[in-house]
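A short worksheet on the structure shown next.
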Amino acid sequence: MKRNLFLLAFSVSFVLVFMLSLLFYGEITLLHYINISFYLSGILLFISMFLLVAEGGFFDGITQGFRRTFQSKGRDLEKEEVEEMRLFSELLRVEYMPFLLAGLLLAATMITGLVFYYL
């Protein structure tokens, strides 16, 4: 499952680089590939880092605080109901590793393109 998600994320991002290059620039060049793959690899890395932080429970305290605050502002939820609600880290069950690997591999192809561009 993880390998399939990694291959899907990388292949979609790789094809998206070429499609966006044709859409924005009208041609596919090495410089356009480098520019677009920089942004897409950054997005994939950002998504993977967000998933890693959220899975670690960083946002659990914030969501619990919001639940308690809004519970006291006139909602009909009892304190037990608020405590029984699932935490944000329990709700988010997406693996971060496929996105991280796809982002790193896309960044590696971008750096390889940069080496060829400046040679």
Side-chain angles (χ1 to χ4, degrees):
M1 174 73 177
K2 291 180 187 179
R3 183 180 172 126
N4 291 339
L5 188 57
F6 160 69
L7 291 174
L8 178 69
F10 178 71
S11 61
V12 166
S13 64
F14 197 72
V15 169
L16 196 59
V17 167
F18 290 111
M19 289 176 50
L20 290 174
S21 178
L22 285 174
L23 181 70
F24 289 127
Y25 301 112
E27 61 184 358
I28 298 174
T29 63
L30 184 59
L31 181 63
H32 297 149
Y33 174 82
I34 292 167
N35 290 336
I36 294 173
S37 63
F38 173 77
Y39 290 116
L40 286 181
S41 65
I43 290 170
L44 284 172
L45 291 174
F46 178 78
I47 289 170
S48 66
M49 292 298 127
F50 173 76
L51 290 173
L52 176 66
V53 169
E55 185 179 291
F58 180 77
F59 299 110
D60 289 345
I62 297 168
T63 55
Q64 284 295 93
F66 277 120
R67 288 175 184 168
R68 288 187 189 117
T69 301
F70 290 122
Q71 182 259 336
S72 65
K73 295 264 185 191
R75 290 234 170 151
D76 293 334
L77 297 174
E78 297 294 324
K79 187 174 183 175
E80 296 82 26
E81 291 177 1
V82 172
E83 295 298 325
E84 289 176 2
M85 289 181 180
R86 292 175 36 182
L87 298 173
F88 183 71
S89 61
E90 294 173 356
L91 294 174
L92 194 63
R93 290 290 172 209
V94 179
E95 289 290 327
Y96 68 91
M97 191 58 79
F99 295 106
L100 178 66
L101 293 176
L104 289 174
L105 188 60
L106 192 60
T109 61
M110 176 201 62
I111 290 171
T112 304
L114 275 171
V115 168
F116 284 119
Y117 183 75
Y118 284 111
L119 285 182

Problem - Cluster overlap L31 with Y25, hydrophobic side-chain contacts below 4.5 Å - result: no

Handout entry: Over 12 foreign heavy atoms within 6.0 Å of CZ, F38
Key = no

Exercise for the section: Applying side-chain hydrogen bond (donor to acceptor under 3.5 Å, both in side chains), name anything that partners T63, two or more places apart in sequence or on another chain. Expected result: none

Problem - Interatomic distance, L104 atom CG to M110 atom CE [nearest 0.5 angstrom] - result: 10.5 Å

Exercise for the section: Only pairs at least two apart or in different chains count here, so list each side chain to side chain donor-acceptor pair (under 3.5 Å) that has a residue in residues 98-110. Expected result: Y33-T109

Fill in the blank from the handout: Output for pair (L44 CG, M49 CE), nearest 0.5 Å, gives 11.0 Å

Result block: side-chain N/O donor-acceptor pairs under 3.5 angstrom for residues 111-119, not counting sequence neighbours:
unit_1: T112; atom_1: OG1; unit_2: A108; atom_2: O; d: 2.8

Problem - ILVMFWY cluster, M97 and V94 together (side-chain gap under 4.5 Å) - result: yes

Problem - Point-to-point distance, once rounded to the nearest 0.5 Å, from CG of L105 to CG of L100 - result: 11.0 Å

Exercise for the section: Using the test side-chain hydrogen bond (donor to acceptor under 3.5 Å, both in side chains), find all partners of Y96 that sit at least two apart in sequence or belong to another chain. Expected result: none

Fill in the blank from the handout: CD1 of I47 to CG of L51, rounded to nearest 0.5 Å, is 7.5 Å

Exercise for the section: Could you name each residue pair satisfying side chain to side chain donor-acceptor pair (under 3.5 Å) that touches residues 38-53, not counting sequence neighbours? Expected result: none

Practice task
Walk me through it: do F50 and F99 pass the test side-chain contact (heavy atoms from CB on, under 4.5 Å)?
Solution key: CA-CA 11 Å; F50 173 76; F99 295 106; over 6 Å; no

Could you list the donor-acceptor pairs under 3.5 angstrom formed between side-chain atoms of residues 6-23 and any protein atom two or more places apart in sequence or on another chain?
unit_1: S11; atom_1: OG; unit_2: L7; atom_2: O; d: 2.8
unit_1: S11; atom_1: OG; unit_2: L8; atom_2: O; d: 3.2
unit_1: S13; atom_1: OG; unit_2: A9; atom_2: O; d: 3.0
unit_1: S13; atom_1: OG; unit_2: F10; atom_2: O; d: 2.8
unit_1: S21; atom_1: OG; unit_2: E27; atom_2: O; d: 2.7

Exercise for the section: Is it possible for you to say whether I34 and F24 belong to one hydrophobic cluster, with membership spreading through side-chain heavy-atom contacts below 4.5 Å? Expected result: no

Handout entry: CG-CG distance between L40 and N35, expressed to the nearest 0.5 angstrom
Key = 11.5 Å

